[in-house]
Each structure stands twice: as structure tokens, then as C-alpha cells.
Protein chains: 2
Amino acid sequence: MATIGDVARVAGVSRSTASYALSGKRSISDEVRQRVMAAVGELGYTPNAGARALATSQTMVIGLLAQFLPDEFAPAMLQYILGISDSARELGYDVLLVTEEDGTRALKRITDSRMVDGVVLLNVAEDDERLPILRTASQPGALVGLPGDCTGVDVFDLDFEEAGRVMVETLHRLGHRELVLVSQPEHVVERGGAYVWRLQNAATEQAALRGMVLHTAFGAAQQPEVGRQLHALLDAHPRATGLLLNNEAAAAALPSVLTERGLRAPQDLSVIGRYSDAFARTFSLPYSSIESAPDRLGRMAVRQLVDRIERKARAGPHVVRFISPELVDRGSTAAPRS
Amino acid sequence: MATIGDVARVAGVSRSTASYALSGKRSISDEVRQRVMAAVGELGYTPNAGARALATSQTMVIGLLAQFLPDEFAPAMLQYILGISDSARELGYDVLLVTEEDGTRALKRITDSRMVDGVVLLNVAEDDERLPILRTASQPGALVGLPGDCTGVDVFDLDFEEAGRVMVETLHRLGHRELVLVSQPEHVVERGGAYVWRLQNAATEQAALRGMVLHTAFGAAQQPEVGRQLHALLDAHPRATGLLLNNEAAAAALPSVLTERGLRAPQDLSVIGRYSDAFARTFSLPYSSIESAPDRLGRMAVRQLVDRIERKARAGPHVVRFISPELVDRGSTAAPRS
DNA sequence: CCCCACCGTCGAACCGGTTCGACGCACGGC
DNA sequence: GCCGTGCGTCGAACCGGTTCGACGGTGGGG
């Protein structure tokens, strides 16, 4: 493999001159630059990433910590990963994907060994164990998901409170008076997924404000169970005319459940979910939904992270940004049956 | 950040002695080793990955090239990624995930710059453009998916021919005489996804051998279309008693289609799919299926790759390994209605 | 005509590890 | 008592880049 020394020799210049010709950090005569470029082409030279990292203390790699927890609804995760990977590349960075179960150890490893210039954490919990490690690391970090304590990191998340309000308010305006909300499984909440509460509490408040009845329940993340639960909920609340789903698995299960019950949306039941448009398209889910925008969140996190890496504004003010929920209308809401 | 020089100073030894104490590559007195370890603990020393890579020409990172093509059925990809990431970590490697659209350029970049010790290619096409690049690279590569030319790489794939035969033979034994096979979308085939042909041709031959009728069709990868196609196919072949699905989206769509037609599996129609058990569980697909085993394939690829990296047996004989299809019985096959 | 500034290039040091050869010392065998 | 062996340690070189300071040459201004 050719080194910059080889390039220099072939071009008949010193190593430093070759380096400057390539980086453009000092002025170089046109003639020498051309000779260097020719040598690069001839030898097929590519700089050695390790050597460059050592010299510059920049790896041009960002770490992506994704935890795949059992009973998690996996398909959604892929969209975050894709958004992050693609936008990182656009900004000149590669992505080190870490799915190690012990996220704290993994984070410590990749930051301490300086394999990465910064880190994106997915699936951040209310009291995430990885945060203390991240704060002591010398690289910046961006989170997708809102923890209890945001100091020292940039945070991006959907505005789940507003999402809850929008869901309720949309159906209220159409004349609904009794709703059911199906959330993520309870163990997701226990693990610190505060967003479940954020949406549910806001929805409950908004319903109270409007004098509506809102029944809440945790749904399973797997299919036979969540389908049965939906049946049970519809049985238990026969007067409910609207169904809110903060649970992808429940949304995926709903078509069969409705068919089995001989119900149609929106004629017999208005439905609003909370998932990404890509998810809706893949499974042809015909329900209006709050767009969870994983790709957008991922892009925002990466953009901010790279900005912080490159502007060295490590100490600059940190940002907590919520994207406001957008309701994608797929025609599954209407005035309730009178 | 502490360097090995700091460790050496605190321990009162030379840098090389500290290095040997940590690597164990030369004998070191217990007393010195303890002093070095104490210094490591005190300073929180972690070796710098770039420096180590430069010195040893080993990065302990493997590249994972995954192409996310439009109209691909994405959820399946995640399982490959997970299997690969997890098994890599178990073997001491991290994973650089590359989803760049231009796979050849990405591959060239990460191998030439020596960011990785080896590479796993997903979604390998019959005539994959990335293969020539991989062959000229100095790192070994493992593929998931069978290309036309396997020289210089290790290849792992499901035995799609056998899968096709097993599907047909299973229904033949039960007494079926007319089947429909729904494959992946045609553009997947055009892009070089030869596995579609492998399964379909073998199924066709086996059917001919048994004197059965086999209708074949390409199904869409998205939902409203594939559901309509399934309806059309069942309309077009009313005497068919068995349905074979080499198309995840079709499998996901089938429950609603059957419900809409008032059919049940296996009473009215026997069904065999080809997807992973994890996929079946997530979407509660009640159909027997050929296990596509993405995690197992990923693990095999990584194991072989790491073996080749570490045994430096770059020139050793390359392997093309097919895993034999296992039919997971979920009770969706039975003798046809007489 | 001289001096200064600037442009283009070079040599050397440095980043933080690993590894080779050498060296001092203790110990055992004759 | 001497020599050879082997163990534990050290110094120095090396991996392949980047970057700083210096230096020679040229051109312009006074």
C-alpha cells in the first residue's frame, strides 16, 4: 500500500510538501501540486485512517449506540439507523454501530479509545445509565429521546405531549366523547421510556379539559397478545368511538382486529396512531397518524453533533429540541356515529 | 487523556515495559506488572485505537456494507445487521456500518484507508459491482448472498433451491396438485437477486417431477399492491390449494386477504412462506415457513471472516456454504379439500 | 540598490502505541 | 570459580500521517 512518502518520492518533493499539496493548508505551486496529484493517481494512494487519526485526533467516525432490547418493536429502529447513517455520510463521517447489550461499557470503550469523534444515543431512557459516562467523555453527544437530565448533551425528540393533545383534540373537534388510548408495553415505561407517560398524561389532561372520557391501557409489543388486548378493550368500552395508538404493534394488529369485528375505520371507529410514514407504507396501515419522523430526528441529531465536533464549541449552549407532531391524514377519522 | 507514557512514568518503568506488561507478549515480573496495572487503574488508561491501528495494522473493526434499496422490504435487513453486530462484538470486533448508496465507492474508501480489517457484504447480487473492488482489497471479505463468481471470498446463503423443493414436496405429500408461488418483485430479480430464480426454478422442476401444476408470479414489496395481487392470483387460480410465498410483504398481507375472502389456512388453503421466525413472531404470521435465518447467516459470515483475519489464512481455500432450509411448522398446511 | 515580505518548500518533531535487539543480572552446571 | 543461559527491562526505531519553524529565492517599494 502506498504511503505519503511514496507519493512524495514519485513527485520528487518532501513528505510535508505532498501533505500540504493534498490538504491545501499552505500555498503550493501549481506545478508541484500537479506532480503530487499525478503521483497519487499513479500509486492509487489513500491516506491511512489510523495514522491520520493519530496525527489530527480526528477519526471522522461517529458512534451510534442502539440498544436492541428484548420485546422491543424492532422495525422502527432501522429507520433511525438509516437516517443517521445517511446524514453522517453526507457530512463526511462514517458510523460505528454498537449494539452491545451493556451500553455503558460500550460507550466507555469507544470514547476512551478515541475511535469516534462523537456519539449518538438512541432509545434514551428517563434515567439513562449511559449519560454519566457520556458526560465524562471528551467527545460530544447527541441524544434521540428525552432523559430526565439534559445537561451537557444535545437532545432531540418528538413533542409527545403535544402529540397527545393533538390526538385528543382532533377527535374532540369531530364530536367524539369517549376514547381509548393504547400505549407501549408497561415494561418499556419501567425501563425509563418516559415518552409513554408524556403522551398519555397530556392526552388525559386534554380529555379532562374537554370533558371527554379517555380510557388508557398498555399494549403488548408482540402480535397475538396485542390483538387479543385490542379485542378486549373494544369489548370493555363499547361506547368509545375513537382509538388512539401509541404502539406500533397495536397499529399493525388493528386491521385484522377490525375485520374480525366487522368494523370499519372511520365509519365505525376513528383511529389515530403514532408511527412513521415509512412504517405505514410498508404495512399499508390505513390510519391517520402522528408522524414519528425517525429519519428527521436522526438527521437533526447528526447535524448538531457534527456541528459541535467541528466548531469545537463543546461548551456552547446545549439544545433540547422537540419536533412538533404532524398529523398525517389517511382518512381514518370522522364524526362518530350518532 | 492518559497515554502509555504516563502509565510508564507512574509505574516507574519504560514505555516498552508497560506495553509488555499489558500485552503479556514478554515475561514481566509480578511486581512490575502490578505496578503497571495500578497505574492503569489510577490514570484510567485506555489505549488509543488509532495509534494501535497504526502500529499493528489491525483496527479490530469490520465493515458492514448494507445497501438499502428503494422498494426493498426493510425489516428483514435489521436482523442481519443485529446478528452481525452481536457476533462481531463477541469476537472482539466493532462494526462500521456503511449504507452509502454507491457501495463500490464506500467499499473502496473503507478498505483503502484501512479503517477495517475485513468486510461483510449484505444483499449480494448475481453480478455484484462491489466484488471486483473487494478482490483487489487487501482485507478479506465474507458475503451473505450468492454471486455468480465466488472466487476470493467466503459466501453464505440459504439453499434456495432446496427451499423451493421442500415447499413443493411438502404440499405434494399432503396431496396437493395445484400451487401458486409468489416471488419477490421483478426489479429485485433484475437487480441481480438470483435467489428468486433459484427458488422458483427448483420449485418448478420439482412440481414438474411430481406432475403438479405450479403458477408463478412476482409480488410487489409494498402493501396495497401485494394484497391486490394476492386477491387476483387466488381469483385466477381457483383450483389451487396451496400458496407458496417467497416474499415477506406478501406474507404480511395475507392474513387480511384471507379474512376478506372468508378463507382459513390450512382448511381452505395451505400456505408456506419463507421468512425468519423473528419476523413471524413480530407480525404474528400463522404460516409455516422456511426459516431464512438471517442471524445465523450473519454469524457464520462474521465467524469465517474473523477466522480469516486472524489466521492470516488469506490464501486458504474459500468456502461457499449453504444452510439447508428448515421448515418451521406453524400448522398452516394440511391435505387439500377434496 | 538595498531591504523586507512573502511565497514555496523542506526537515524535523510529534501523535501514541508496538516490537526488536541489546544488556545486566542471577542462577545453575561443570 | 567461570561461563553460558535465560529472565526482566530498557532504548530506539517504526507505523503514516500532520504541522511548525526555518530557509532560500523572488519581487516590489523606498
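Basis for what follows: all heavy atoms, side chains included, without hydrogens, waters or symmetry-related copies. So that the names make sense, note that chain A is the first sequence line, chain B the second, and so on, each numbered from 1.
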Exercise. How would you list all residue pairs meeting salt bridge (charged side-chain N to carboxylate O under 4.0 Å, His left out) that involve residues 136-153 of chain B, not counting sequence neighbours?
Worked result: B/Arg135-B/Asp149
Seminar exercise, completed: Double-helix bend of the helix from C/dC1-D/dG30 to C/dC30-D/dG1, axes at both ends from 5 pairs, round to 10°, gives 50°
Are any protein N/O atoms closer than 3.5 Å to N/O atoms in nucleotides 7-11 of chain D? If there are, list each pair with its distance.
from   : atom 1 : to      : atom 2 : distance (Å)
D/dG8  : OP2    : B/Ser27 : OG     : 2.5
D/dT9  : OP1    : B/Ser29 : OG     : 2.7
D/dT9  : OP2    : B/Ser29 : N      : 2.9
D/dT9  : OP2    : B/Ser29 : OG     : 3.4
D/dT9  : O4     : B/Arg26 : NH1    : 2.7
D/dC10 : OP2    : B/Ser14 : N      : 2.9
D/dC10 : OP2    : B/Ser14 : OG     : 3.3
D/dC10 : OP2    : B/Thr17 : OG1    : 2.5
D/dC10 : N4     : B/Arg26 : NH1    : 3.4
D/dG11 : N7     : B/Ser16 : OG     : 3.3
D/dG11 : O6     : B/Ser16 : OG     : 3.1

Problem set entry | Residues in side-chain hydrogen bond (donor to acceptor under 3.5 Å, both in side chains) contact with A/Asp94, at least two apart in sequence or another chain | B/Arg109
For this session: Give the rounded distance in Å between these two atoms: CD1 of A/Ile4 and P of D/dC15.
Result: 15 Å
Seminar exercise, completed: Residues in residues 109-119 of chain A with a heavy atom under 4.0 Å of DNA chain C, by number, are none
Exercise. Counting only N and O atoms by type, is there a donor-acceptor contact under 3.5 Å from the side chain of B/Asp154 to the main-chain atoms of B/Val319?
Worked result: yes
Exercise. Do the side-chain N and O atoms of B/Gln79 and B/Ser276 include a donor-acceptor pair separated by under 3.5 angstrom?
Worked result: yes
Problem set entry | Which residues share a side-chain hydrogen bond (donor to acceptor under 3.5 Å, both in side chains) with B/Tyr45, sequence neighbours left out | none
For this session: Send over the distance from A/Gln58 CD to C/dC15 C1', rounded to a whole Å.
Result: 14 Å
Exercise. Which residues pass the side-chain hydrogen bond (donor to acceptor under 3.5 Å, both in side chains) test with A/Ser23, sequence neighbours left out?
Worked result: none
For this session: Please confirm whether the backbone N or O of B/Asn123 pairs with a side-chain atom of B/Gln67, one donor and one acceptor, at under 3.5 Å?
Result: no
Problem set entry | By salt bridge (charged side-chain N to carboxylate O under 4.0 Å, His left out) - contacts of A/Asp117 (at least two apart) | none
Problem set entry | Nucleic acid contacts - residues 39-55 of chain B versus DNA chain D, non-hydrogen atoms under 4.0 Å | B/Leu54, B/Ala55
Problem set entry | Pairs meeting criterion salt bridge (charged side-chain N to carboxylate O under 4.0 Å, His left out) with involvement of residues 35-60 of chain B, two or more places apart | B/Glu31-B/Arg35
Problem set entry | Pairs satisfying salt bridge (charged side-chain N to carboxylate O under 4.0 Å, His left out), at least one member in residues 295-305 of chain A, at least two apart | A/Glu90-A/Arg299
For this session: Send over the distance from B/Met60 CE to C/dG17 C1', rounded to a whole Å.
Result: 15 Å
For this session: Could you tell me whether the phosphate oxygens of D/dG17, OP1 or OP2, come under 4.0 Å of any side-chain nitrogen or oxygen in A/Ser19?
Result: no
Exercise. Can a donor-acceptor pair be found between the side chains of A/Ser113 and B/Asn48 at a distance below 3.5 Å?
Worked result: no
Exercise. Under 4.0 Å between a side-chain N or O of A/Lys25 and OP1 or OP2 of D/dT19?
Worked result: yes
Exercise. If we ignore angles and hydrogens, is there a donor and acceptor under 3.5 Å between the side chains of A/Thr17 and A/Ser14?
Worked result: yes
Exercise. Who pairs with B/Asp128 by side-chain hydrogen bond (donor to acceptor under 3.5 Å, both in side chains), at least two apart in sequence or on another chain?
Worked result: B/Arg130
